[in-house]
Structure formats: C-alpha cells, structure tokens
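Worksheet: the structure to be examined is printed underneath.
The chain is numbered in sequence order, starting from 1. These numbers come from the heavy atoms of this one structure, side chains and all, not from hydrogens, waters or symmetry mates. What you see is a predicted model; the values in this text were computed from it and never measured.
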Amino acid sequence: MVETLSIAVIGAPGVGKTSIIRQFIYNDFSEVYTPTRTRYVYRPSVILNGNMYELKILDVPPISSFPSSSSQEWLDLRCRGVRNANAYILVYDICCVESFEYVKMIRQQIVEHREGSSSEVPILVVGSKRDLQRHRFTPRRAVSVLVKKTWKCGYVECSAKFNWHVVLLFKELLGIAVARGMRQNHTSIRLQGALQRNRCTIM
C-alpha cells in the first residue's frame, strides 16, 4: 500500500514557488517569470527507508487568505485540497518584506482555520532567492529565530536558480512530518538527487 503525502506550497506573487518545485522535480530553472494563475499538482514518488510514498505537491496560486471553511475552499478552485494538506511550505522572497508579511498572515490563518490539530501540521518557512543575499531586508538570524522559536516552524533558505538547498528543504519538511508522527516512524532519512518525472527517488 503506497501512502500519499499532500504538500501545499503557498507564497506571494513572484517569490519563486514554482521555480523551487520544478528545480526539485525536473532539475530545471527558467529566468522567465510566469505567474501561477491556477492550482497545479505535481506527483513525484519517493522512498523513505524502503517504504514508497507518493507526494502530491500543490502549487497554489496567490490567495488572499487561507480558506476558513470547507465550503470556502471548494468555492475557490485555487484552494482545492489546501485545508487538508499533510504539510505546508510557505515561501517568501528574502529581498521583499511584504512577501514575508504574507507568509506571516497565512501561517497564522493555518493555525486558526485548519481542520484537525493544527499544532501537529508540519509547516516549513522557506526564504527564496538566497543568491540575492546582499539585498535581503533583514539578517537571516532574525527571521530564523522568529520562525523557529516563536512560530515553532522549520526554516530553510534556498536558491532555485543555483539549486542550492532545494533538495534540503524537502528533506527538512519530510523530517518534520516524520518527527511529528504524520507517517510511520522512520529513524533516518537519506536523499539522493532531485526527483525526476515518472521516476522514484530514494530518500
């Protein structure tokens, strides 16, 4: 029996959500910015300690708020499946303070409106565009402390352009999910290479 882990990737316009996902799955990066207008689902497979998992990665278009009810979720096509995702990746641009404020708002709404026990839902905050480090709006440590200590979320910075820490962020998220008992208790996680379409990756 292959288990499915649903991951919703959410962020403000232009933060690089899709670039991160595509770099992870296809080892591909485009300099051309194409706004995400509709929800897109990627379905790579991974193996954790000999057990296969299907990942259902939801590339969510910018939404004004996290759906507060099931009816609101299903009325907005962009939000389908967001409320009952197994884990969340919240992406912001390290050079854009507004994109971080958006992540702050969405995280709070996930805690308030999500079905079930929100405290057990793995949330990973991702600082995108690390290659533009010189233009960041605040030191990394300040954000990391806030996210880890106050929000109790994981934190990773990455660069989709240079494929830096892209694989690490997915490994980190799955590590949080395993640690919180979202799936069977695996004691170790190994990740070898990025995922390829219609191929399986050993983690």
Side-chain angles (χ1 to χ4, degrees), residues 7-42 57-68 76-79 81-83 85 87-114 118 121-173 176 194:
I7 302 170
V9 185
I10 304 173
V15 296
K17 294 183 291 82
T18 304
S19 293
I20 290 170
I21 296 170
R22 292 189 62 83
Q23 182 62 268
F24 179 56
I25 298 176
Y26 306 128
N27 197 27
D28 169 60
F29 178 80
S30 173
E31 294 279 2
V32 180
Y33 170 58
T34 304
T36 304
R37 303 193 185 283
T38 58
R39 188 188 69 130
Y40 195 85
V41 181
Y42 298 84
I57 302 176
L58 308 176
D59 186 358
V60 182
I63 51 179
S64 58
S65 62
F66 187 83
S68 59
D76 188 343
L77 290 174
R78 298 172 302 171
C79 296
V82 168
R83 277 175 59 81
Y88 296 91
I89 294 176
L90 306 183
V91 184
Y92 78 98
D93 178 347
I94 66 168
C95 306
C96 177
V97 66
E98 290 81 9
S99 68
F100 183 75
E101 290 298 321
Y102 176 85
V103 160
K104 181 179 179 181
M105 174 193 75
I106 291 295
R107 187 210 67 91
Q108 184 60 37
Q109 292 175 354
I110 290 173
V111 172
E112 293 173 357
H113 300 308
R114 205 194 118 88
S118 59
V121 179
I123 298 176
L124 181 68
V125 176
V126 174
S128 181
K129 306 185 182 180
R130 178 61 188 269
D131 49 289
L132 302 178
Q133 163 83 0
R134 293 181 180 180
H135 305 290
R136 66 186 311 142
F137 63 83
T138 193
R140 178 188 182 282
R141 178 170 174 76
V143 179
S144 179
V145 169
L146 171 66
V147 171
K148 291 180 177 180
K149 302 294 185 183
T150 306
W151 296 1
K152 307 299 182 188
C153 298
Y155 183 72
V156 173
E157 292 190 354
C158 74
S159 167
K161 182 175 183 178
F162 294 105
N163 198 12
W164 187 78
H165 280 184
V166 172
V167 171
L168 176 67
L169 77 88
F170 282 92
K171 180 178 179 181
E172 180 81 8
L173 181 69
I176 295 171

Ile7 vs Tyr42 side-chain heavy atoms within contact, under 4.5 Å: no

Handout entry: From CA spacing to verdict: side-chain contact (heavy atoms from CB on, under 4.5 Å), Leu124, Val126
Key = CA-CA 6 Å; Leu124 181 68; Val126 174; 4.0 Å; yes

Residues 134-146 vs side-chain hydrogen bond (donor to acceptor under 3.5 Å, both in side chains), sequence neighbours excluded, gives Gln133-Arg136, Arg136-Glu157

Across all chains, not counting sequence neighbours, the salt bridge (Lys or Arg N to Asp or Glu O under 4.0 Å) partners of Arg107 are none

For Arg22, the salt bridge (Lys or Arg N to Asp or Glu O under 4.0 Å) test, sequence neighbours excluded, returns Asp28

Glu31 meets the side-chain contact (heavy atoms from CB on, under 4.5 Å) criterion, sequence neighbours left out, with Phe29, Lys161

Report yes if some heavy atom in the side chain of Ile110 is under 4.5 Å from a heavy atom in the side chain of Leu90; otherwise report no. yes

Next on the checklist: I want to check something: taking the side chain as every heavy atom from C-beta on, are Ile89 and Ile10 in contact at a cut-off of under 4.5 Å?
Outcome noted: no

With sequence neighbours left out, the residues meeting side chain to side chain donor-acceptor pair (under 3.5 Å) with Ser159 are Asp131

Exercise for the section: Any chance you could lay out the side-chain contact (heavy atoms from CB on, under 4.5 Å) test for Phe170 and Ile20, step after step, and finish with the verdict? Expected result: CA-CA 10 Å; Phe170 282 92; Ile20 290 170; 4.2 Å; yes

Hits for side chain to side chain donor-acceptor pair (under 3.5 Å) against Ser65, two or more places apart or cross-chain, chain-then-number order -> none

Return all side-chain donor-acceptor pairs below 3.5 angstrom for residues 92-99, not counting sequence neighbours, or 'none' if the list is empty.
| unit_1 | atom_1 | unit_2 | atom_2 | d |
| --- | --- | --- | --- | --- |
| Tyr92 | OH | Tyr155 | OH | 2.6 |
| Asp93 | OD1 | Cys95 | N | 2.8 |
| Asp93 | OD2 | Lys129 | NZ | 3.4 |
| Ser99 | OG | Asp93 | N | 2.9 |
| Ser99 | OG | Asp93 | O | 3.3 |
| Ser99 | OG | Cys96 | O | 2.7 |

Report yes if some heavy atom in the side chain of Val103 is under 4.5 Å from a heavy atom in the side chain of Val91; otherwise report no. no

Sorted by chain and number, sequence neighbours left out, salt bridge (Lys or Arg N to Asp or Glu O under 4.0 Å) with Asp76 holds for Arg78

Residues at least two apart in sequence or cross-chain that pass side chain to side chain donor-acceptor pair (under 3.5 Å) with Gln109, listed by chain then number, are none

Taking every heavy atom of Asn163 against every heavy atom of Val166, the minimum-distance pair comes out as OD1-CB, 3.5 Å

Note: Ile123 and Cys153 closest approach over all heavy atoms is O-CB, 3.3 Å

Could you check whether any side-chain N or O of Arg37 sits under 3.5 Å from a backbone N or O of Pro61, counting only pairs where one atom can act as donor and the other as acceptor? no

How are the rings of Phe66 and Tyr88 set to each other: parallel, tilted or perpendicular (split at 30° and 60°)? perpendicular

CD of Gln23 to NE2 of His165, rounded to nearest 0.5 Å, is 13.5 Å

Value for OG (Ser68) from CD (Glu112), rounded to nearest 0.5 Å, stands at 10.5 Å

Residues Ser128 and Val15: closest non-hydrogen pair is OG-O, 2.9 Å

- prompt: Between Asp59 and Arg39, is there a salt bridge with N-O shorter than 4.0 Å?
  reply: no

Residues passing the side-chain contact (heavy atoms from CB on, under 4.5 Å) test with Pro13, sequence neighbours excluded, are Tyr33, Pro62

Residues passing the ring-ring contact (aromatic ring centres under 6.0 Å, His included) test with Tyr102, sequence neighbours excluded, are none

I'd like to check Ile63 versus Cys79 (side-chain heavy atoms, cut-off strictly below 4.5 Å). Are they in contact?
yes

